[in-house]
Amino acid sequence: MMENLKEETLAVELKEMVKGFNGVPVLKGVDFQLREGEIHALMGGNGAGKSTLMKILQGVYMPDGGEVEVGGVPVRIRSPHDAKAHRIGMVFQEFSLIPTLTVAQNIFLTNEPRDGVGLLNDAEAERRARALFTEMGVDIDPRAEVAGLNTGYWQLTEIAKALSQNARVLIMDEPTAALTVSETQALFALIRSLKAKGISIVYISHRMEEIFQIADRITVLRDGQRVLTALTAELTMNQLVEQIVGHKMEQAFAWQERQVDRSGTLLLDVQHLKAGPRVRDISFQLHAGEILGVAGLMGSGRTDLVRALFGIDRIQSGKVSVRGRAITIRSSQDALNGGIRLVPKDRRAQGLVLSHAIKDNLLLPLLSSLQQNGLIDDRKGNRLVQSYVDSLQIKTDSIHKEIRLLSGGNQQKVVIAKWLASNPDILLMDDPTAGVDIGAKTEILDVIRRLADEGKGIVVISSEFTELLAVADRVLVIRNGVVKLEMMRQEIESEEMLEQLVQRASAREVRLSDEQLQQIKAMKATAAIVMHYSGNDWSTAQIDGLKWQFAKMGVEVTAVTDANFKPEQQISDIETVLASPRKPNIIVSIPTDPVATADTYKKAAAQGVKLVFMDNVPKGLVQGSDYVSVVSADNYGNGLASAHIMAQKLGGKGKIGIVYHAADFFVTRQRYDAFKRTIQDDYPDIQIVAEQGINGPDFAGAAEQAAAAMLTQHADLKGIWAVWDVPAEGVMAAIRSAGRQDVIVTTIDLGKNAAVEIAQDGIVKGLGAQRPFDQGVTEAMLAGYALLGETAPADVVFDGLPVTRDNLLAAWKTVYHQDPPADLQAAMN
């Protein structure tokens, strides 16, 4: 599967690179080509030679043989200074920033601008940093102290640091290791923009799903040799895994259903646990021989839970029982006495003494049991350590080797081994496969299964849903320090389903207590409502819901704007609001265009304004730092509902057309995907014969033209689906003009015109409705979360509401929180 390289300009070419250490070959004649303006993934197992190859390019190592060319010119890179001179920069996995310095000071560290007398010029550093961030398309205050920023901004600062040295080649080593899902997507947007500017990127990562999202090409090293270079589009994940590990791994992450006896005494029973700032009220049970998976966003309380159970964080209240006996956990020793062990998230900082040998690390918790007459029995210790090295297949040439010299996967196995040697009942594992290669991941997952088969209870936290679903028998979803969902593994259909369960909270979960309302009232906060369009029943109801809840919170609404679907108007509206003498603490908004408006929303976030969105999120904004949350209806469910209504009214057969939103909004795309997929999968006798995308601001007019063309081209058309009620009005107008009242319409959103048509049993036969008043209420409460410093769910969803003539009047009350208008009630008679 080696790709034939085309004649293209190469940013970097490494030819026949050879490197060894202490007589052991690490690179055995490796070729690597990086094209200008490409993202090239470099992959391989730990010890494959990736880091060595890139350290040669960085000037950290000198090669034993081979040639380096930059821009087609042979060069010798003897030091990082030489690499910098050749415009090669590196963003390391472990941050190199100094937390107590500002962003600008970190960017220009050792390369500081100076004034005329040689003194440090912080103002100039801030100016240059601001220019860099503008070029990158991100908004970070150069004067901010790094310690106060989240990890997403640390990573962006590292990239700015490399770009400040005029780099045209960037090496990124595991750049998303410490990032959330939303931060990762924001980083990907930046990487793509750097690529568009001609910057070449070597992207090193063990995360398969990331590689397939971001890379143009992939090179795989194995045992110091290149075994693959290919276009990403030409590879499947299984093919890539096989190239990395050197053999077929058809069942690498396949779930293996296990039999767990749940009839006996519970191994671990946790009831109403409260601990630290994030564990608010968590209850769960664990049976012997069971693997319990824990999923949640960073900051959800998942890591805090296992820290509390291991006695690191103080338990404030609740009950913990092991084998039916209540235990008190005030320290890690209490947890150890109760048979509980923890494999921590950061093995290097929390699980190992890196300067010590494998033997010393593994035996550290067992020293008292190895003593005989006050002396350590070295022979017994050596036998014990070697037995675990063999059983866990820890790759090392000696148990006396310093553990820092092992690969990440083998280090992790030592952490696991040191606790297994003490024969625990319960093993808590926090991201046990983080930062290890694909081969080591599968080996660690097999270890987890084997331990459970031996009767141990395992709690596994993982950010990698593929791996979590490969081993878990049950899964808990934790959000805001509470268990929100518990499911048997067989109930979870896919990784995408679990991701939605983790990311999305039901609107019913968003609540403010009376005490919290009083706290917010004391703040005397202000808010602006920035609408995409505020001239119909739906948007009026949303504004009403916002104002009603803000009044309960003592938040004054200082502005309500209407962009009439025009991005440039919304940008102007936001700028006006920000420039106001009474700049709001909160902006709640529906972005008209997630790309065009993004920079303006970023400016608002940089000024400390709390942002809550409905339906869409501007591109590049990071949840938790740039914005609070996004509220939406179950748009997929509404699309599905309108498809079923269409099919039922057509008797399951006929030809139909689709009028969809041409802009790439996830809300309208979900509606379209759900409608089309439901028709295609469930109703084989219904044919979709025409589709047309429309743009605004005159959505009704554009929809009328699209529908008229469909009716002309397909005389036997029986139905048209419209993406929401405003386009549906245009579709209805086209149907009437053509004299085709036999054609039916379904849509999304309950507006008055569509409602009257449903009531009269006219052209519109039904729709999937949102709940704008309740959505407005929830947006306001989420803004309250931000004011209180509470962690908010990333995405809050309202259940879809199918509407037909049978439930029309009741649905109107649900959607708008008021009685239906008189003409709608009259139309029902």
Side-chain angles (χ1 to χ4, degrees), residues 43-46 174 176-181 184 205-213 236-238 240-242 244-245 248-258 286 290-298 300 302-303 305-306 342-347 351 392-393 407-413 415-416 427-453 456-478 487-503:
M43 304 193 72
N46 292 113
E174 296 283 356
T176 63
L179 304 187
T180 65
V181 173
T184 296
S205 179
H206 292 306
R207 296 185 175 183
M208 294 287 173
E209 69 282 358
E210 289 184 5
I211 296 301
F212 282 91
Q213 283 186 61
T236 66
M237 190 172 293
N238 277 343
L240 183 56
V241 170
E242 288 167 15
I244 292 171
V245 300
K248 286 189 176 295
M249 298 187 68
E250 295 170 356
Q251 300 299 315
F253 295 108
W255 177 55
Q256 302 168 20
E257 187 166 5
R258 304 172 58 257
L286 177 69
E290 182 178 37
I291 304 170
L292 178 66
V294 178
L297 299 172
M298 289 180 69
S300 63
R302 57 184 195 177
T303 292
L305 168 64
V306 293
L342 171 64
V343 176
K345 186 179 184 69
D346 187 344
R347 60 179 170 270
L392 296 185
Q393 298 179 357
S407 68
N410 287 303
Q411 288 179 356
Q412 188 71 313
K413 289 180 185 178
V415 178
I416 295 170
L427 200 57
L428 311 174
M429 309 183 82
D430 192 357
D431 257 332
T433 63
V436 304
D437 66 74
I438 189 70
K441 285 179 190 285
T442 58
E443 291 172 359
I444 290 171
L445 295 182
D446 284 340
V447 168
I448 292 171
R449 294 187 186 103
R450 189 170 79 232
L451 294 174
D453 289 342
K456 300 188 186 303
I458 316 287
V459 176
V460 179
I461 297 170
S462 182
S463 305
E464 304 287 341
F465 294 154
T466 303
E467 296 159 30
L468 193 70
L469 293 177
V471 295
D473 302 309
R474 273 188 304 132
V475 175
L476 301 181
V477 174
I478 292 181
M487 299 182 74
M488 299 302 294
R489 169 60 182 87
Q490 55 264 39
E491 297 178 85
I492 303 174
E493 298 174 0
S494 65
E495 183 181 343
E496 291 74 21
M497 178 180 177
L498 179 57
E499 186 169 338
Q500 284 201 351
L501 294 172
V502 169
Q503 292 271 2

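- Atom CG in D431 sits 8.5 Å away from atom CD in E467 (nearest 0.5 Å).
- Rounded to the nearest 0.5 Å, atoms CG (L451) and CD1 (I291) are 8.5 Å apart.
- Of the possible polar contacts, none joining the R302 side chain to the L305 backbone as a donor-acceptor pair under 3.5 Å is found.
- Side-chain atoms of D473 do not come within 3.5 Å of backbone N or O of R258 as any donor-acceptor pair.
- In this structure a side-chain-to-backbone donor-acceptor pair under 3.5 Å is missing from W255 to Q490.
- In this structure, the separation between CD1 on I444 and OG1 on T433 is 6.5 Å, given to the nearest 0.5 Å.
- For the atom pair CD (Q393) and NZ (K413), the distance works out to 6.0 Å, reported to the nearest 0.5 Å.
- The distance from the CG atom of L342 to the CG atom of L428 is 5.5 Å, given to the nearest 0.5 Å.
- Residues R449 and D446 are paired through a salt bridge, judged by an N-O separation under 4.0 Å between the basic side chain and the carboxylate.
- Partner of I448 under the side-chain contact (heavy atoms from CB on, under 4.5 Å) criterion, out of L427, I416, I458: I458 alone.
- With rounding to the nearest 0.5 Å, the separation of CG in L292 from CZ in R474 is 5.0 Å.
- The existence of a salt bridge linking E464 and K441 is excluded, since no basic side-chain nitrogen approaches an acidic carboxylate oxygen closer than 4.0 Å.
- Although no hydrogens or angles enter the test, the distance criterion places a donor-acceptor pair under 3.5 Å between the side chain of Q412 and the main chain of P432.
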